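This is a predicted model, so every value here is computed, not measured. All heavy atoms count here, side chains included; hydrogens, waters and symmetry mates do not.
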Amino acid sequence: QVQLVESGGGLVQAGDSLRVSCAASGLTFSSYVMGWFRQAPGKEREFVASLTRGGATKYYADSVKGRFTISRDNAKNTVYLQMNSLNSEDTAVYYCAARMSALPTTARGTYDYWGQGTQVTVSS
């Protein structure tokens, strides 16, 4: 049974940093592209970042480019999202997702497994 479990969310102030993590089990982690998505209240779930199986190539949404960094540790079956210079527009539930492919995508429908999400709230 595949499980993706996010952690590390919380309440921070504008300008602060936060790192969220996603621990995977029940799959061969290094065979999966990993991604982060987020969903704010009343909005659709949107792409944030993704990276290739080895972690060498990374993709970001324009809204987070230069502020967020995605990384992975295949030995720990974990993917991370380091978020810097947070602002109120980053407030959302953050979800990690896994895709059995060599090619990262931004489309949420192309991911095979999802975590339950972790809330990130940025106060201004």
Decide yes or no for Arg67 and Met83: does some side-chain heavy atom of the first lie under 4.5 Å from some side-chain heavy atom of the second? no
Just by distance, with hydrogens left out, do Thr91 and Glu89 show a side-chain donor and acceptor under 3.5 Å apart? no
Are any non-hydrogen side-chain atoms of Thr78 and Phe29 less than 4.5 angstrom apart? no
Kindly give the heavy-atom pair with the smallest separation between Ala24 and Leu4, and that separation in Å. CB-CD2, 3.5 Å
Residues pairing under disulfide (SG to SG under 2.5 Å) where one sits in residues 13-98, two or more places apart or in two chains, turn out to be Cys22-Cys96
Please tabulate, one pair per line, all N/O donor-acceptor pairs under 3.5 Å involving side-chain atoms of residues 41-48, not counting sequence neighbours.
| unit_1 | atom_1 | unit_2 | atom_2 | d |
| --- | --- | --- | --- | --- |
| Arg45 | NE | Gln39 | OE1 | 3.4 |
| Glu46 | OE2 | Arg38 | NE | 2.7 |
| Glu46 | OE2 | Arg38 | NH2 | 3.2 |

For the residue pair Ser21 and Ser7, confirm or rule out a side-chain donor-acceptor distance under 3.5 Å. no
Output every pair passing salt bridge (charged side-chain N to carboxylate O under 4.0 Å, His left out) with a member in residues 71-86, not counting sequence neighbours, ordered by first then second residue. none
Got a list of side-chain donor-acceptor pairs under 3.5 Å for residues 55-62, not counting sequence neighbours?
| unit_1 | atom_1 | unit_2 | atom_2 | d |
| --- | --- | --- | --- | --- |
| Lys58 | NZ | Ile70 | O | 3.0 |
| Tyr60 | OH | Ile70 | N | 3.0 |
| Asp62 | OD1 | Lys65 | NZ | 3.2 |

Heavy atoms, side chains only, cut-off 4.5 Å: are Val120 and Val20 in contact? yes
Parallel, tilted or perpendicular: which one describes the rings of Trp114 and Tyr95, with boundaries at 30° and 60°? perpendicular
Smallest separation among heavy atoms of Ala40 and Ala92, with atom names: N-CB, 3.8 Å
Check whether any side-chain heavy atom of Thr52 lies under 4.5 Å from a side-chain heavy atom of Leu103, and answer yes or no. no
Tyr111 meets the ring pair (Phe, Tyr, Trp, His ring centres under 6.0 Å) criterion, sequence neighbours left out, with Phe37
Any heavy-atom pair between the side chains of Leu86 and Leu18 that's under 4.5 Å? yes
List for me each residue that meets side-chain hydrogen bond (donor to acceptor under 3.5 Å, both in side chains) alongside Ser31, sequence neighbours excluded, and say none if there are none. none
pair Thr110-Arg99: side-chain heavy atoms closer than 4.5 Å: yes
